[in-house]
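Throughout, a chain's letter reflects where its sequence line sits, starting with A, and its residues are numbered from 1. Heavy atoms only: backbone and side chains are in, while hydrogens, waters and symmetry mates are out.
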Amino acid sequence: MALTLQQIARLVQGELAGDGAIEIRGLAKIEEAGPGELTFLSNPKYFKHLDTTRASAVLIPAGLDSPSDRAVIRTANPYLAFLLVLREFSPPKALLPPGIHPTAVLGESVRLGRGVALGAHVVVGNGCRIGDDTVLMPGVVLGDDVSVGSHCVIHAQVSIRERVRVGDRVVIHDGTVVGSDGFGFVFEGGVYQKIPQTGTVVIEDDVEIGANTAIDRATLGETRIRKGVKLDNLIQIAHNCTIGEHSAIAAQAGISGSTQVGRLVRIGGQAGFAGHTTVGDSAIVGAQSGIDKDVPPGVMVSGSPAQSHREELRRQAATRQVPELLKEIKRLRQRIEALEKEIKKAC
Amino acid sequence: MALTLQQIARLVQGELAGDGAIEIRGLAKIEEAGPGELTFLSNPKYFKHLDTTRASAVLIPAGLDSPSDRAVIRTANPYLAFLLVLREFSPPKALLPPGIHPTAVLGESVRLGRGVALGAHVVVGNGCRIGDDTVLMPGVVLGDDVSVGSHCVIHAQVSIRERVRVGDRVVIHDGTVVGSDGFGFVFEGGVYQKIPQTGTVVIEDDVEIGANTAIDRATLGETRIRKGVKLDNLIQIAHNCTIGEHSAIAAQAGISGSTQVGRLVRIGGQAGFAGHTTVGDSAIVGAQSGIDKDVPPGVMVSGSPAQSHREELRRQAATRQVPELLKEIKRLRQRIEALEKEIKKAC
Amino acid sequence: MALTLQQIARLVQGELAGDGAIEIRGLAKIEEAGPGELTFLSNPKYFKHLDTTRASAVLIPAGLDSPSDRAVIRTANPYLAFLLVLREFSPPKALLPPGIHPTAVLGESVRLGRGVALGAHVVVGNGCRIGDDTVLMPGVVLGDDVSVGSHCVIHAQVSIRERVRVGDRVVIHDGTVVGSDGFGFVFEGGVYQKIPQTGTVVIEDDVEIGANTAIDRATLGETRIRKGVKLDNLIQIAHNCTIGEHSAIAAQAGISGSTQVGRLVRIGGQAGFAGHTTVGDSAIVGAQSGIDKDVPPGVMVSGSPAQSHREELRRQAATRQVPELLKEIKRLRQRIEALEKEIKKAC
């Protein structure tokens with residue numbers, strides 16, 4: 001596949017400086033790009049590479065100068081432009097052709113849509129429903145009565161437990177578990193008694209979930225991951241949580257039981273939650289934060305225990321001054337002692 | 001299935017106010033319960049729902065007032081009461097019927113108890129023993145010479161490595177790994193040389209382990225998870241650890257090599273351990289703590305590095321005052337300077 | 001298998017005190033060792049066991065006294081000596097005999113080296129290449145066009161995604177995922193649009209990776225784990241990271257996108273990275289650190305946000321004094337007030 005620079009400039013609605021007939025056959029990072037490839041500049045840290053890159057053309061920010069002999073396309077957002085071109089060059093490719101691998105095992109009363117692909121050693125429980133064009137990669141296991149919508153990709157060795165419902169256009173990466181029992185026990189008679197986890201998990205449309213993440217079923221009712229949510233790898237979502245529409249959670253964050261996360265929230269990596277808290281719409285939770293109370297809408301919080309990001313930065317700056325403070329207080333004490341002696345002498 | 005309120009009041013040893021003939025056919029959270037359903041109130045945060053819930057009856061704390069037209073059952077611990085009823089309504093259900101799926105692969109000299117269920121694509125290594133009524137869900141892999149007791153449920157895609165021993169009534173959720181090599185290397189000749197991990201893991205009776213957790217085998221001897229321990233998802237248990245009886249560990253905690261955790265210990269989510277430390281019986285380790293020295297029995301610790309929870313709360317409160325402190329010290333310095341001038345002038 | 005103490009003393013280049021004809025048939029920890037077994041003493045905490053151990057002989061540090069009736073071998077590094085003997089006693093044992101299990105599924109154009117072992121239910125995608133004597137344990141899934149070198153052991157249920165390249169003598173423990181999509185989205189039109197992750201992952205020679213770890217493929221180019229790196233369990237390696245030669249990362253650390261880790265770096269458990277940072281050669285990153293800027297070579301950092309370990313220790317010690325500081329400042333204020341009154345009176 002190849003596109004001319006003129007075609008690319010039109011695609012990204014950018015301004016071309018250079019030969020529009022140049023053919024681009026691939027994309028690469030600026031340090032690695034070679035002849036026939038397009039690259040981009042967005043982070044000023046990398047601007048120095050503009051003179052030396054071997055790329056045939058570069059997407060650059062509007063207003064940035066460039067060597068006269070280098071073909072460039074100027075746009076407001078070169079990274080977004082790069083993404084648009086990248087999509088042209090890498091149309092989603094079927095990971096598996098439609099069809100049921102002979103080693104796949106299907107339970108009773110399974111209903112499959114058109115174009116479904118079931119890989120080697122896939123196991124589909126009794127009563128499952130799978131929508132059109134959905135792909136289950138090798139080793140995926142669906143428990144009984146699971147439903148998966150259409151145009152989903154469930155990667156290798158994902159386990160989706162009994163009765164979980166998954167919407168359309170959902171992507172789940174390898175090794176993730178959806179619907180394991182919530183961590184619910186009561187201490188009674190000197191031992192932990194298990195609280196039956198009789199609820200389920202609902203994953204709405206357009207959700208993407210990373211690798212080796214765990215999402216527990218509700219004790220009663222549902223754990224719910226709403227439309228458009230993006231979850232990274234190795235995340236813990238405990239029983240009875242709700243993650244609101246179009247929220248994004250980075251790797252290794254841990255969302256404790258019954259946490260209610262609003263819409264358009266962003267949660268940093270390794271953040272933790274105390275359980276039964278609420279995070280308002282459009283809030284931002286910093287990486288490694290420890291959330292022990294509700295987060296209001298639109299606020300950025302950080303630290304452990306978390307407070308407003310501004311206060312946390314003040315706290316961090318101030319505590320770094322404490323060693324110096326200890327010395328200053330010693331000096332002040334000495335000056336007060338000197339004054340006390342002088343006063344005594346004077347009076 | 002249905003129980004009358006009178007039957008339920010007797011079951012939970014509670015005091016019924018309302019019509020004992022009312023039939024309950026299910027349970028739900030107070031916001032979601034409808035006619036024919038029972039719910040409970042325990043957290044004062046939710047008391048406001050008592051007037052508006054559509055539930056047919058509510059388990060409430062002894063001493064709490066209620067609208068006269070609402071059927072309620074008063075008990076000392078409504079949540080525990082709810083649990084007892086929940087168990088009546090959800091008796092443990094077999095996930096798989098007994099029998100060996102034709103796609104399961106069994107090694108040589110395998111001994112299976114009565115009523116064992118092996119799901120699709122299960123792999124059982126040479127010399128394994130599996131006790132009565134134990135269920136291995138699809139895709140479980142047992143290495144050679146593994147023993148699993150009776151009445152266990154090993155969920156999909158769990159890997160139990162060679163020579164690991166698992167007791168009776170153990171539940172292990174999907175994707176968990178038991179018996180991977182400990183992280184043991186010595187730096188020698190400019191590279192890391194592997195220390196053979198020749199020990200094993202022992203999981204005692206009545207243990208439950210969450211999803212995608214990892215428990216490493218010992219370098220020598222055993223990593224041991226004692227009777228009744230409950231582990232959540234995504235936990236790391238390193239080589240040569242012991243977790244004492246009836247201790248509970250929340251998600252994403254990381255227990256480093258040779259840590260000895262006592263009985264009845266509770267460890268919060270994302271807590272970390274420095275290795276070779278000891279946690280005394282009945283200690284409590286707060287979420288996100290960093291344990292770098294022994295924790296005495298019965299103590300609650302938190303913070304990173306961890307200290308007694310009381311001191312940690314004092315430290316947190318105090319450090320939040322540091323920005324104000326900096327200003328106060330500046331003011332004191334000015335007052336001292338003023339005094340020094342006055343003294344000079346006076347004398 | 002048995003070795004005499006004389007043979008062992010020669011192997012570890014140590015100095016024997018005791019009967020060289022004593023036969024050793026196994027190794028154990030000092031508390032657990034019995035007759036016929038060898039143990040070692042390295043940590044002074046355990047020196048007290050030297051009088052009471054039932055081991056037939058003990059490897060001890062040069063210069064340490066010992067009871068006259070106990071056979072000992074003195075060496076500079078008893079732990080390393082123990083490791084050398086342990087290796088003699090536990091030569092790497094084949095986990096699977098060479099050959100292809102009848103339930104393994106191979107795609108088209110697969111090339112297998114000599115002595116390859118493919119376990120039950122293994123799935124090998126189209127165009128894969130596997131080197132000599134490599135073992136894929138049960139349930140491993142390789143996507144299309146994966147290459148795995150020679151003498152590798154890929155444990156049960158590992159997923160290696162399309163186009164990933166793995167070197168020679170690599171060990172990957174159970175449940176780990178290599179090559180899942182990086183967490184790359186742009187927020188555009190009110191929703192997250194996926195950035196195609198068209199790159200790959202390269203695992204170089206002599207790498208070992210723990211259980212349930214996740215390594216994402218690059219957006220463009222490669223995520224690269226260089227020669228000799230050791231990764232523990234449950235680690236997140238995001239897209240476009242490079243981990244330098246012979247670096248070691250402990251469990252549950254999270255390396256964010258485009259982080260460049262140098263050679264011989266050591267990273268503690270649960271440490272987190274902000275992304276796009278660089279860690280210099282031979283740096284040490286403490287457990288639970290939060291790295292938000294570049295770490296210079298050879299430096300040890302800790303804390304969150306991380307600073308030099310020395311400053312972090314000073315900060316920790318100082319902040320523990322803040323509660324006392326608050327009281328001291330109150331006292332100083334009172335003394336200043338007293339002085340102010342006296343001055344007023346005096347003048």
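Residue contact with chain B, scored on non-hydrogen atoms closer than 4.5 Å, is absent for C:R335. Both the backbone and the side chain of C:T319 come within less than 4.5 Å of a heavy atom in chain B. Proximity to chain B (any heavy atom under 4.5 Å) is restricted, for C:L325, to the side chain, taken from C-beta onward. Neither the backbone nor the side chain of C:A287 comes within less than 4.5 Å of any heavy atom in chain B. Using a 4.5 Å cut-off between heavy atoms, C:K45 touches chain B through its side chain atoms alone. If you measure heavy-atom distances from C:E324 to chain B, you find no contacts under 4.5 Å at all. Only the backbone of C:I249 comes within contact range of chain B, judged by heavy atoms closer than 4.5 Å. Looking at C:Q157, only its side chain comes within 4.5 Å of chain B, counting heavy atoms on both sides. In this structure, no portion of C:K330 lies under 4.5 Å from any heavy atom of chain B. When heavy atoms are compared at a cutoff of 4.5 Å, C:H121 approaches chain B solely by way of its side chain, counted from C-beta outward. Residue contact with chain B, scored on non-hydrogen atoms closer than 4.5 Å, is absent for C:F89.
Ranked by non-hydrogen atom pairs under 4.5 Å with chain C, the options B:N126, B:I235, B:L220 are led by B:L220. Ranked by heavy-atom pairs under 4.5 Å with chain C, the first of B:S304, B:S256, B:G221, B:P305 is B:P305. Ranking B:A317, B:G184, B:G190 against chain C, the residue ahead of the rest is B:G190, based on heavy-atom pairs under 4.5 Å. Of the residues considered (B:Q307, B:Q270, B:E311, B:E312), B:Q270 shows the highest number of contacts with chain C, using heavy-atom pairs under 4.5 Å. Of the listed residues B:I329, B:V322, B:L332, the one with more heavy-atom pairs under 4.5 angstrom with chain C than any other is B:L332.
Ring centers of B:F185 and B:F187: at least 6.0 Å apart, outside the cut-off.
Residues passing the side chain to side chain donor-acceptor pair (under 3.5 Å) test with B:H173 are A:R161, B:E208, sequence neighbours excluded. In this structure B:Q236 satisfies the side chain to side chain contact (heavy atoms under 4.5 Å, CB included) test together with B:A214, B:D216, B:A238, C:D232, C:N233, C:L234, C:A251, C:Q252, sequence neighbours excluded.
A salt bridge links C:D206 to C:R169: one of the charged nitrogens lies within less than 4.0 Å of a carboxylate oxygen.
Here the shortest heavy-atom pairing between B:T259 and B:G275 reads OG1-CA, 3.8 Å.
Here CD1 of B:I203 is found 12.0 Å from CZ of B:R226. Values are rounded to the nearest 0.5 Å.
Remark: side-chain polar atoms of C:Q288 are paired, donor with acceptor, to backbone N or O of B:S289 under 3.5 angstrom.
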